[in-house]
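Structure first, then comments.
Computed over heavy atoms, backbone and side chain alike; hydrogens, waters and symmetry mates excluded. All ligand and atom numbering here is 1-based and tracks the order in the structure. Keep in mind that this is a model prediction, so the values were computed, not measured.
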Amino acid sequence: MGRVSQPGASVDLTTHVGSLQFANPVMCAAGTAGHGDELARYLDLGELGAMVVKSLSADPWAGNPPPRVHETAAGMINSVGLQGPGIPAWIEHELPALRAVRATVVVSILGRSVADYARAASLLDGVDGIVAVEVNLSCPNLDGGSHMFAHDPDAAAEVMAATAASGLPRWAKLSPNTDRLVEVAHAVAASGAEAVTLTNTLLGMVIDVESRRPLLGGGGGGLSGPAVHPVAVRAVYDCRAALPDLPIVGVGGVGSGRDAVEFMMAGADAVQVGTATFADPRAPRRVLDEIVAWCVDHGVGSTRELRDTAHGVRP
Ligand code: RRO
């Protein structure tokens with residue numbers, strides 16, 4: 001759906017992120033739409049800009065003890081702990097279903113060490129049906145969130161360089177839990193990232209006051225949803241201001257077309273819908289429809305016209 005027409009109006013949704021072109025700017029966020037075609041019974045995954053699958057490591061990963069997710073006042077907190085089948089099993093058992101529904105697949109990868117990332121990336125080399133790799137440098141639930149690659153420009157750059165073996169365009173998913181975000185964005189862009197995905201979840205914790213212990217099985221977790229949206233918008237805005245040419249995918253609390261439009265005005269080329277999908281599995285499609293409606297209402301002929309306008313560029 002590069003262009004959507006309504007009587008008397010037409011909106012061009014064609015979106016570019018680095019070297020890639022997408023039919024529209026709405027994607028499923030990693031970790032919120034499963035590893036495969038879990039959402040296909042609710043929406044046509046082929047109609048979305050892309051589907052980013054939950055972070056995969058080279059080998060199977062058991063994940064954290066339950067409970068793994070918990071609703072909060074304005075969103076949710078999770079400590080899933082990277083559960084996944086490992087990349088070879090995912091290629092064999094999950095990717096075919098995504099290809100069957102014509103999803104545009106972006107694979108999120110993750111590891112504990114630079115070597116882990118390198119191995120994960122090389123396992124994707126030459127695999128048909130994947131358009132890009134999102135390198136997750138910012139999981140809050142890996143070793144308690146204490147050693148995030150995305151908190152150190154040199155470490156983040158080292159991982160990005162090590163993932164070149166995928167042979168695919170790479171995006172770096174960065175963390176909101178640092179005052180070095182712009183520095184890290186510079187570093188990953190210089191070492192091979194075609195784009196940055198901003199941002200992962202905020203470090204958080206919920207205490208069960210009856211048991212007097214952390215509620216999530218993993219202890220702390222990652223906060224997402226409407227509560228974090230302004231944090232992510234600020235991250236996008238600051239990175240766009242510092243790096244005018246670096247493509248940005250905005251993620252964090254997108255529950256409506258207006259939220260997505262806001263991200264694009266801050267500087268995002270595309271957006272991902274995540275936590276909203278837990279309450280409404282059709283949310284990514286609804287957000288797309290609402291973007292179109294917003295553009296029609298405001299006489300905007302192309303979503304690309306929205307990009308950066310909060311920085312003073314005239315629409
Ligand atoms: O699996 C998780 O617990 C998880 C990951 Br990999 C991530 O990147 N962000 C998040 O909030 N949870």
So if I count the atoms of ligand 1 from 1 in the order they appear, which ones are less than 4.0 Å from some heavy atom of Thr201? 9 (N), 10 (C), 11 (O)

Rounded at 0.5 Å granularity, tell me how far CD in Glu38 sits from OG1 in Thr32. 11.0 Å

Does even one non-hydrogen atom of Lys54 get within less than 4.0 Å of ligand 1? yes

Is there a heavy atom in Pro140 that sits closer than 4.0 Å to ligand 1? yes

Side chains of Leu181 and Cys239: closer than 4.5 Å at any heavy-atom pair? yes

Backbone or side chain, does any N or O of Ser79 fall under 3.5 Å from an N or O of ligand 1? no

Side chain or backbone of Asn64 under 4.0 Å from ligand 1, or both, or neither, by non-hydrogen atoms? neither

Under 3.5 Å, N or O to N or O, is Gly222 touching ligand 1 that way? no

Asn78 heavy atoms, cut-off 4.0 Å: which ligand 1 atoms fall inside? 2 (C), 3 (O), 4 (C), 10 (C), 11 (O), 12 (N)

Would you call Asp280 and Arg285 a salt bridge, taking side-chain N to carboxylate O under 4.0 Å as the test? no

Arg282 (side chain) donor-acceptor with Tyr42 (main chain) under 3.5 angstrom: yes

Taking only non-hydrogen atoms of Asn136 and a 4.0 Å limit, the atoms of ligand 1 in range are 6 (Br), 7 (C), 8 (O)

Any atoms of ligand 1 less than 4.0 Å from a non-hydrogen atom of Asn200? List them with their elements. 7 (C), 8 (O), 9 (N), 10 (C), 11 (O)

Here the atoms of ligand 1 under 4.0 Å from any heavy atom belonging to Val80 are 1 (O), 2 (C), 3 (O)

Any atoms of ligand 1 less than 4.0 Å from a non-hydrogen atom of Leu82? List them with their elements. 1 (O), 2 (C), 3 (O), 6 (Br)

Run the numbers for me: atoms of ligand 1, each under 4.0 Å from some heavy atom of Asn141, listed by number. 2 (C), 3 (O), 4 (C), 12 (N)

